[in-house]
Amino acid sequence: MDFPVVIVGAGFSGLAAGILLKKAGVDSFTIVEKLPGVGGTWRANTYPGAACDVQSHLYSFSFEPNPRWSRSYGPQQEILAYLERCAEKYGLTPHCRFDTAVTGADFDEARGLWTVHTTGGDLPARALVLGNGALHLPAYPEIEGLREFKGPVFHSAQWDHSFDPAHKKIGVIGTGASAIQFVPQIAPASKTTHVFQRTPPWIMPKPDRPMKRAERWAMEHIPGAHWARRTGLYWRLESRAYPLIHDAPRISAFAENIAKKFIAEQIADPALRAKVTPDYRLGCKRVLLSNDWYPTLARANVELVTDGIERIEASGIRTKDGALREVDAIILGTGFRVADYLSPVRIVGRGGRELNDVWRDQLATYLGITVAGFPNLFLLMGPGTGLGHNSMIFMIEAQARYAAQSIAALARSGVAYMDVRPEAQAAFTDELERKNSQTVWASGCSSWYRTPNGGLVTWPGFTFDYWRRTRRVDWSDYELRAPQPVVASIHEAGPRDRDRARRAQRV
Ligand code: NAP
């Protein structure tokens, strides 16, 4: 089928889009990936201890079960190997252009064609699928003097594997999902590790364990066994949605008590206990899972520093109380630039409008997938679809299916492009804002769920509801344009155009 499609990114999102496009009969796509191979975040994040905090039997494609996970929560290398296998099995590797970054895309309204600019030249695309993820641009903290530090400084997402922590004095900034995984791995060998915490995370025990041989055998050979485990995991996680999306303080307090007991069990020192106990509602920031974070902080060679950082000097980190901790290296566990995740890519839609400009005040989308004025553009993991309780792969699959269904319909129908109606987008965005304002994520804390202008990037509902709403493309939400003559809508179209659009609807 001659319908060129460009997919940005070869992580879970981009691979899902490629696989589902193939299943929908569209084989004419190119996956452009800035890294040298597939895997996305699971290729980029190689810090010690990197692993998933969602159980792997669920944090994997529904159509590609893997009964052979070594642990209930898969380590980074295994997840990467799984994605590499998927790319091979579904014949995606020949579609990939590695070491190539997308820098921008311009839409030609007359031809219904995107020109996608990459570091390896321009590519034409009738449809553009953005699978580049929101957590891919490392956030470097704006701390005075960071550049003046004389030793190595690196971000958790760009781990320097030549750095040996043994006998070193290390400063770690940040106590988020990444830091709580790598600090326990490097601190024991270090001379001293100073962890600079701005806000303590809520942490729950991680029920991680090796998968038993019998379990793996059963999941491989007994029909339905893998499905049963996956389904059980899905509903267990989904049951946590209610207190998040309805900000139910009583349920949160129940969970907070469990988390506080966990602190008491793992930390004997009352002063350290006080430092790690959050003062905001559980769930407002992502709840983290770890069995070794608190014991690591309680080690004699580890210090949890809660006085704010004043500046960084050539030899170390000075806090606001005037103390200087001399360190040999600084590791930044400071997260990602979520709100401007598309900023390196200049996407210009109808009327010459640039997506980053359009989104300056509000990250408005329809279903987190399409954006008015940017025809045949599909976002995966777009704004308004982030989760705090379940597997993002579930959301990614729903979005990739929606994109594949739309693209296959466009390819077969001859419709030049689909552009979401501004009123459908406005209604969705208003609904999202209203519902998000009632969630725990809006209960008063700072997190990457919140954009600088106060919006939230989270899905304020159940994931099965998202699945239901994205299961079939509702073409009445879209303006469909034939190449020539211009047709304003499916209803206003002439018989030939209506026929084309109907064919689009049938797919
Ligand atoms: P993060 O959760 O955003 O944490 C960043 C940390 O850096 C926070 O503790 C933050 O403090 C601190 N920080 C940022 N700027 C600072 C500054 N100027 N001074 C002092 N502290 C500063 O980032 P992350 O740990 O990389 O995780 C990001 C997301 O990636 C996670 O929420 C998760 O979705 C994903 N992730 C997933 C896994 C997994 O297991 N699946 C593992 C790692 C990451 P404040 O809290 O005060 O802002």
Side-chain angles (χ1 to χ4, degrees), residues 11-12 40-42 44-56 58-60 71-76 78-80 133-146 153-159 171-185 194-204 206 208 237 276 278-280 283-290 293 304-312 317-320 330-339 341 381 385-393 395 441 444-452 457-458:
F12 263 107
T41 197
W42 295 105
N45 285 272
T46 58
Y47 58 77
C52 192
D53 58 9
V54 174
Q55 291 93 332
S56 287
L58 183 59
Y59 192 85
S60 43
R71 306 189 64 82
S72 47
Y73 292 82
Q76 172 258 335
E78 244 178 83
I79 301 172
L80 177 60
L135 299 167
H136 73 115
L137 293 177
Y140 284 82
E142 287 175 16
I143 301 174
E144 191 192 325
L146 186 58
V153 179
F154 55 89
H155 190 280
S156 58
Q158 294 163 335
W159 195 266
V172 174
I173 302 178
T175 54
S178 303
I180 71 151
Q181 291 186 333
F182 72 74
V183 171
Q185 300 297 316
H194 306 279
V195 179
F196 293 82
Q197 171 187 278
R198 195 163 63 177
T199 316
W202 280 108
I203 297 180
M204 289 290 202
K206 187 173 187 179
D208 188 22
L237 295 192
V276 300
D279 62 359
Y280 56 88
C284 186
K285 287 163 107 68
R286 190 176 167 91
V287 178
L288 308 183
L289 305 180
S290 174
W293 175 246
L304 182 68
V305 185
T306 52
D307 299 301
I309 298 172
E310 177 70 27
R311 63 176 176 274
I312 293 175
I317 302 174
R318 193 175 291 282
T319 44
K320 293 205 162 88
I330 296 176
I331 306 177
L332 305 171
T334 44
F336 299 88
R337 287 161 47 200
V338 176
Y341 81 103
M381 288 179 76
T385 66
L387 296 182
H389 70 290
N390 209 328
S391 171
M392 265 319 284
I393 312 308
M395 302 294 271
W441 305 303
C445 68
S446 74
S447 78
W448 65 260
Y449 293 149
R450 200 174 260 297
T451 63
V457 296
T458 38

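One-based numbering, in listed order, for ligands and for the atoms of each. Please read all numbers here as calculations on a predicted model, not as lab measurements.
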Consider ligand 1: state whether an atom of it lies below 4.0 angstrom from any non-hydrogen atom of [X].
{"X": "Q197", "result": "no"}
{"X": "Y47", "result": "yes"}
{"X": "I309", "result": "no"}
{"X": "A51", "result": "yes"}
{"X": "F336", "result": "yes"}

Which residue and non-hydrogen atom of the protein lie closest to [atom], and at what distance in Å?
{"atom": "atom 23 (O) of ligand 1", "answer": "G335 CA, 3.1 Å"}
{"atom": "atom 46 (O) of ligand 1", "answer": "K285 NZ, 2.6 Å"}
{"atom": "atom 24 (P) of ligand 1", "answer": "S178 OG, 3.4 Å"}
{"atom": "atom 30 (O) of ligand 1", "answer": "L135 CD1, 3.5 Å"}
{"atom": "atom 6 (C) of ligand 1", "answer": "G333 O, 3.2 Å"}
{"atom": "atom 12 (C) of ligand 1", "answer": "G174 CA, 3.6 Å"}
{"atom": "atom 18 (N) of ligand 1", "answer": "P141 CB, 3.3 Å"}
{"atom": "atom 20 (C) of ligand 1", "answer": "I173 CG2, 3.6 Å"}

Geometric N/O contact W448 with ligand 1, under 3.5 angstrom: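 There is such a contact, yes.
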Geometric N/O contact A177 with ligand 1, under 3.5 angstrom: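 For ligand 1, there is an N or O atom that lies under 3.5 Å from one belonging to A177.
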L289 vs D208, side-chain contact (heavy atoms from CB on, under 4.5 Å): CA-CA, chis, key distance, verdict: CA-CA 9 Å; L289 305 180; D208 188 22; over 6 Å; no
Any side-chain heavy-atom pair of Y449 and V338 under 4.5 Å: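 Y449 does not reach V338 side chain to side chain.
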Within-4.5 Å side-chain heavy-atom neighbours: Y73 and Y59: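 Side chain of Y73 against side chain of Y59, heavy atoms only: no contact under 4.5 Å found.
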Ring centers of H155, Y47 separated by less than 6.0 Å: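 Between Y47 and H155, which both carry aromatic rings, the centre distance is not below 6.0 Å.
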Ligand 1 versus D53: contacting region, heavy-atom distance under 4.0 Å: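 Both backbone and side chain of D53 come within 4.0 Å of ligand 1.
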For ligand 1, the portion of N45 having any non-hydrogen atom under 4.0 Å away: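 N45 to ligand 1: no contact under 4.0 Å from either part.
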I'd like the name of whichever of [options] reaches closest to [atom] through any heavy atom.
{"atom": "atom 4 (O) of ligand 1", "options": "G308, S446, G176", "result": "G176"}
{"atom": "atom 45 (P) of ligand 1", "options": "T199, T175, V195", "result": "T199"}
{"atom": "atom 16 (C) of ligand 1", "options": "E142, R337, Q181, R198", "result": "R198"}

Side chain to side chain donor-acceptor pair (under 3.5 Å) against T41, all qualifying residues, sequence neighbours excluded: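 For T41, the residues satisfying side chain to side chain donor-acceptor pair (under 3.5 Å) (neighbours in sequence not counted) are N45.
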Check: A51 main-chain N/O paired with Q181 side-chain donor or acceptor under 3.5 Å: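 It does hold such a pair.
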Polar side-chain atom of S72 near backbone of Q55 as donor-acceptor pair, under 3.5 Å: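 Pair absent, no side-chain N/O of S72 close to backbone of Q55.
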Closest heavy-atom contact between [X] and [Y]?
{"X": "P201", "Y": "L288", "result": "CB-CD1, 3.6 Å"}
{"X": "I180", "Y": "T175", "result": "CG2-O, 4.0 Å"}
{"X": "S56", "Y": "G74", "result": "OG-N, 2.8 Å"}

Chi angles and distances behind the side-chain contact (heavy atoms from CB on, under 4.5 Å) call for L58, I393: CA-CA 8 Å; L58 183 59; I393 312 308; over 6 Å; no
Pair I143-I173, side-chain contact (heavy atoms from CB on, under 4.5 Å): steps then yes or no: CA-CA 11 Å; I143 301 174; I173 302 178; 4.0 Å; yes
